[in-house]
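Working notes for the structure below.
If you read the sequence from its start, that first residue is 1, and numbering goes on from there.
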Amino acid sequence: MRSGPVRNRPATRTVVPTLVAAVLGLLSSLPAVVVPGQEIDLDPSAGPPGTSVTASVDGFDCSIGVVELLWGESGVVGTVDLDGGADETTFPVPTEAEPGGHEVFARCARSDDVAAETTFEVEPVADLVTVPDLVGRPLDEAETLLAERGLVLGEVSGEGDAVADQDPGPGTGVDVESEVAVTLAAVVPPPGNTGTDDPAERFPLLWIVLVGLLVAGAAAGAPRLRRARRRQDRRWVSEHVRVRPAPTPPPTVTLAADPTDPAGPGATLVIRLVASADDVDQHLEVIGR
């Protein structure tokens, strides 16, 4: 019986293929093999995420006629159709790209053997500055206001003492040190676009209208108030005052006397109707001649 070391041949047969597969996998994961003669150029070559980049390729002779652009680990971000006569394309910088350098590759479609590479520098997103409202302000005041926010007075056009228009407009978000162009005018713009933050100064006509409405409302309500007061006065009188008609004396009647009356044919007789004590019967009473 032979004695000696025991060889683990099955283990060896398993390890070698595993190593070969790992190496092949590593090689296949590489985006491209850079070959001299092929070039890629980016414009711009730096900027924040979302920047629109124009990629130009040169020296590629692809059998398929299409060059792919790859952004590092993010994969294909654009293609260039060489058969269509194109030599450039535009793609946006991925929004999730972190600040720093990122490799951009160009290769023939479906091939890893012909490629070129370059680097794009992703910059941090800058804080934007809000453009102030300059309309209606003197030029020196507008320039001071821009400087306070880190902005620069740009092209000045027109003639006059106040800003009549601006570009970019008020409220626009821009980068620090951006230029703001202004147009001057001899006449200050009408209220509503004066560039002031005080509503009383920006809308003086509004206050006049409000006062006019208040006066008109008071004038319209005065007659109603007087009618209501009269109704109230009549109600008070009816509730607190009792009126009894004053007694009237019995009516008197003057009659011509009988021609046979001893007093003579021209005599008259004055009588009145008098009620009896029981206010039921009445009788005539002679009160004079």
Can you list, by chain and residue number, the hydrophobic cluster partners of [X] when the side-chain cut-off is 4.5 Å?
X      : answer
Val66  : Ile64
Val211 : Val215
Leu214 : none

Please check this pair: side chain of Glu39 against backbone of Ser56, looking for a donor-acceptor N/O pair closer than 3.5 Å. no
Quick one: does any side-chain atom of Glu103 pair with a main-chain N or O of Gly72 as donor and acceptor, under 3.5 Å? no
Looking at [atom1] of [X] and [atom2] of [Y], how far apart are the two atoms once the value is rounded to the nearest 0.5 Å?
X      : Y      : atom1 : atom2 : result
Gln166 : Leu134 : CD    : CG    : 4.0 Å
Ser63  : Arg110 : OG    : CZ    : 9.0 Å
Leu184 : Leu139 : CG    : CG    : 5.5 Å
Asp87  : Asp81  : CG    : CG    : 11.5 Å

Min side-chain heavy-atom separation [X]-[Y] under 4.5 Å:
X      : Y      : value
Asp165 : Val182 : no
Ser178 : Val129 : no
Arg107 : Leu70  : yes

Run the side chain to side chain donor-acceptor pair (under 3.5 Å) test against Glu179 and tell me which residues pass, sequence neighbours left out. none
Applying side chain to side chain donor-acceptor pair (under 3.5 Å), can you list everything that pairs with Ser157, at least two apart in sequence or on another chain? Thr183
Filter on ring pair (Phe, Tyr, Trp, His ring centres under 6.0 Å), then keep only pairs touching residues 64-101, sequence neighbours left out; what's left? Trp71-His102, Trp71-Phe120
Result of checking Val131, Val174, Asp167 against Val180 for side chain to side chain contact (heavy atoms under 4.5 Å, CB included): Val131
Before giving the answer on side chain to side chain contact (heavy atoms under 4.5 Å, CB included), spell out for Leu69 and Thr89 the whole-Å C-alpha distance, their side-chain angles and the decisive distance to 0.1 Å. CA-CA 9 Å; Leu69 302 178; Thr89 189; 3.2 Å; yes
Apply side-chain contact (heavy atoms from CB on, under 4.5 Å) to [X] and list each qualifying residue two or more places apart in sequence or on a separate chain.
X      : result
Leu128 : Asp175
Leu213 : Val209
Pro138 : Asp140, Glu141
Thr118 : Ile40, Leu42, Val104

Using atom types as modelled, flag every donor-acceptor pair under 3.5 Å from a side chain in residues 147-155 to any protein atom, sequence neighbours excluded.
from   : atom 1 : to     : atom 2 : distance (Å)
Arg149 : NH1    : Thr130 : O      : 3.1

Considering all heavy atoms of both residues, which atom of Val135 and which atom of Ala164 are nearest to each other, and what is their separation? CG1-O, 4.0 Å
Expected list for residues 43-52: side-chain donor-acceptor pairs under 3.5 angstrom, two or more places apart:
from  : atom 1 : to    : atom 2 : distance (Å)
Thr51 : OG1    : Pro48 : O      : 2.5

Greater than 12 external heavy atoms within 6.0 Å of Asp83's CG: yes
For atom CD of Glu177, is the number of surrounding heavy atoms from other residues, nucleotides or ligands below 6.0 Å larger than 12? no
